[in-house]
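The structure appears right after this line, and notes come after that.
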2 protein chains.
Amino acid sequence: MENNLQVSLYKISQECLPGLSIECVILGYENQQLKTLVFKFKGELSWSLPGGFIKKEEDVEEAADRIVEERTGLKSLYLKQFHVFGSKNKSYDQMGKYPGQLDSWMEKFGLGENQELKDWFSKRLVTIGFYALVEISEQRPEVDPIFESCEWISVEELPDLFLGQNETVKKALEHIRIQLHYQPVSQALLPKKFTMSELQKLYEILLGKTLVRSNFQRKMLGLDFFIRNEKKKTGSANKAPFLYSFDQEKYQEALQQGIGLRL
Amino acid sequence: MENNLQVSLYKISQECLPGLSIECVILGYENQQLKTLVFKFKGELSWSLPGGFIKKEEDVEEAADRIVEERTGLKSLYLKQFHVFGSKNKSYDQMGKYPGQLDSWMEKFGLGENQELKDWFSKRLVTIGFYALVEISEQRPEVDPIFESCEWISVEELPDLFLGQNETVKKALEHIRIQLHYQPVSQALLPKKFTMSELQKLYEILLGKTLVRSNFQRKMLGLDFFIRNEKKKTGSANKAPFLYSFDQEKYQEALQQGIGLRL
DNA sequence: ATTTTAATTTATCATTTTGATACAATAGTA
DNA sequence: TACTATTGTATCAAAATGATAAATTAAAAT
């Protein structure tokens with residue numbers, strides 16, 4: 001295993017651009033909570049966002065797609081770059097809860113003497129942040145061999161992440177909240193069919209405030225890109241809500257125009 | 001001169017992160033046109049945005065400030081990063097109108113044999129784009145020694161820029177137009193005191209559409225962060241308009257909240 | 001079968017905002 | 001003193017919004 005790791009790290013150091021990394025905040029919505037996908041390092045207590053390096057002959061956007069797929073098995077996410085984290089202090093060695101982490105890792109995995117590898121991975125990191133919104137129940141993340149496990153954790157309850165990635169998550173959320181007012185990206189977070197209540201709850205969580213139900217519904221349906229489907233019989237003692245889906249054509253058209261939502 | 005250039009390029013290759021560059025779109029507003037500051041290379045026909053590299057021990061944001069100051073003499077601009085350009089094809093050698101440009105340059109400046117330099121500068125470039133908004137009349141750009149001259153050119157009439165930077169400008173404008181709806185950044189582009197007509201004209205140019213005068217004025221003044229100053233006597237045969245300025249305190253407060261402008 | 005419950009959908013209405021237009025004010029000119 | 005061009009303000013119908021109430025209806029309880 002250590003040997004595999006060594007090979008894989010060596011390959012990265014040969015094939016990828018040094019000092020420039022990608023971190024992905026994959027957000028999902030479940031049990032009325034906004035969650036992000038984080039990974040636990042083998043034999044460590046610390047958690048990390050899925051991330052990686054850009055190959056020398058690969059567009060940055062391609063790299064983000066590949067990295068997410070390698071780490072999580074998730075394909076065709078709509079990844080959007082949102083910020084460059086360029087602090088001079090960011091590196092595997094200096095940041096996070098465990099300074100000097102790199103050394104102990106290298107030793108642990110029997111890479112202690114490989115100075116070339118160590119040099120490559122101890123460089124200062126400039127990081128490009130991407131985010132994606134996914135519907136959790138539809139996604140079955142697979143765990144990359146370098147990690148032990150992965151978990152969807154509520155953004156409110158994230159532990160301290162590797163490399164100061166809590167800031168990455170925070171910044172991604174800021175971006176999404178602003179974005180929401182002129183490009184309602186909600187489609188990505190919801191199942192294909194959903195009720196207005198579910199949509200409203202999502203907005204409330206993203207915006208961090210409660211909305212009046214009847215007015216929310218009026219505004220949303222007024223946007224005129226929802227299709228009303230059959231009712232959803234929930235099994236509870238109340239009127240069954242309609243299921244809605246996005247009218248792709250109208251939705252895309254509206255996005256082009258820009259949607260001025262006042263919520 | 002060639003020697004100076006060689007020293008300066010050598011210094012860059014020693015001190016800076018390889019393969020990661022910054023480009024700055026400095027926008028100003030003059031004669032009812034949105035203009036951007038571009039530079040002409042010594043002895044070349046081609047134009048370039050001010051740009052440069054990030055020092056190994058410098059935050060990316062610091063680097064942007066420094067680069068703008070070195071190239072233009074302009075200080076304390078509010079530079080905002082807006083996009084990473086990560087095409088695998090971007091490099092001094094491969095992009096733009098003049099492929100193979102690097103070789104001819106190196107030779108021209110007597111750097112032909114310096115393989116180390118050549119290697120450094122022929123790397124693939126990932127570029128972080130920044131923009132700033134300035135009031136042209138208040139700014140006196142100075143020209144960096146590596147350039148021959150600089151000029152404010154209307155974004156509508158830009159020539160082909162170095163390294164495909166026309167895309168950089170285009171993307172910056174897209175960002176600003178969206179930004180304008182929730183963060184009226186207009187302050188930066190206008191003189192301290194301005195008339196409502198001037199403000200309106202600026203909005204019309206940024207948004208690319210005409211607006212109804214009376215309604216525009218009503219909305220703007222309704223935002224409640226303008227101070228009405230003395231009148232501006234223009235010398236023309238008509239009612240003299242009031243001059244307005246930003247109430248800094250209220251303006252900043254409003255920016256924090258986020259401004260939902262429907263125009 | 002009928003009533004009750006709880007959530008959804010639709011309706012109502014006063015208030016605010018918007019778009020379009022008209023009108024009034026005024027610095028300079030003729 | 002009247003005229004011109006532009007600015008500042010007012011007006012008003014239409015649309016959007018916020019707050020609340022009423023009607024609807026699956027499922028459960030009686």
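Chain letters run A, B, ... following the sequence lines, proteins first and then strands; every chain starts at 1. Please read all numbers here as calculations on a predicted model, not as lab measurements.
Both A/S197 and A/A237 lie close to DNA chain C; mapped to their nearest nucleotides by heavy-atom distance, the more 5′-ward contact belongs to A/A237. Sequence order on DNA chain C of the closest nucleotides to B/K219 and A/F242 puts A/F242 first from the 5' end. Looking at which nucleotide of DNA chain D each of A/G235 and A/V212 is closest to, the 5′-most match is held by A/V212.
Ring centroid separation for the pair B/Y203 and B/F216 comes in under the 6.0 Å cut-off.
More than 12 heavy-atom neighbours from other residues, nucleotides or ligands sit within 6.0 angstrom of CD on A/E148.
With rounding to whole Å, A/N215 atom CG is found 19 Å from D/dA15 atom P. Distance, B/L221 CG to D/dG8 P: 9 Å, rounded to whole Å. Distance CD (A/Q217) to C1' (D/dG18): 16 Å, rounded to an integer number of Å. Taking atom CE of residue A/M220 and atom P of nucleotide D/dA16, one finds them 15 Å apart after rounding to whole Å.
With C/dT10, D/dT9, C/dA27 as the choices, the nucleotide that has an atom nearest any side-chain atom of A/R228 turns out to be C/dT10. Between C/dA27, D/dA19, D/dA26, one nucleotide has an atom nearer to the side chain of A/S214 than all others, and that is D/dA19. In this structure, the nucleotide among D/dA27, D/dG8, C/dG19 sitting nearest to the side chain of B/R218 is C/dG19. Distance from the side chain of A/K239 is smallest to C/dT8 among C/dT21, C/dT8, D/dT6. Minimum atom distance to the side chain of A/K233 is reached by D/dA26, of the listed D/dG8, D/dA26, C/dA7. Here D/dT25 is the nucleotide among C/dG19, D/dT17, D/dT25 with the atom lying nearest to any side-chain atom of A/K231.
At a cut-off of 3.5 angstrom, counting only N and O atoms as typed in the model, there is no donor on one side facing an acceptor on the other between the side-chain of B/S236 and the base of C/dT29. Side chain B/R213 to base D/dG8: a donor-acceptor pair is found below 3.5 Å.
Of all non-hydrogen atoms in B/P159 and B/N166, the two that sit nearest each other are O-ND2, 3.0 Å.
A cation-pi arrangement is absent between A/K80 and A/Y131 under the rule of less than 6.0 angstrom and at most 45 degrees off the ring axis.
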| said: Between A/V126 and A/K90, does the side chain to side chain contact (heavy atoms under 4.5 Å, CB included) criterion hold? Intermediate values first, please. | reply: CA-CA 7 Å; A/V126 172; A/K90 184 162 188 172; over 6 Å; no
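Among the heavy atoms of the strands, none lies under 4.0 Å from A/G222.
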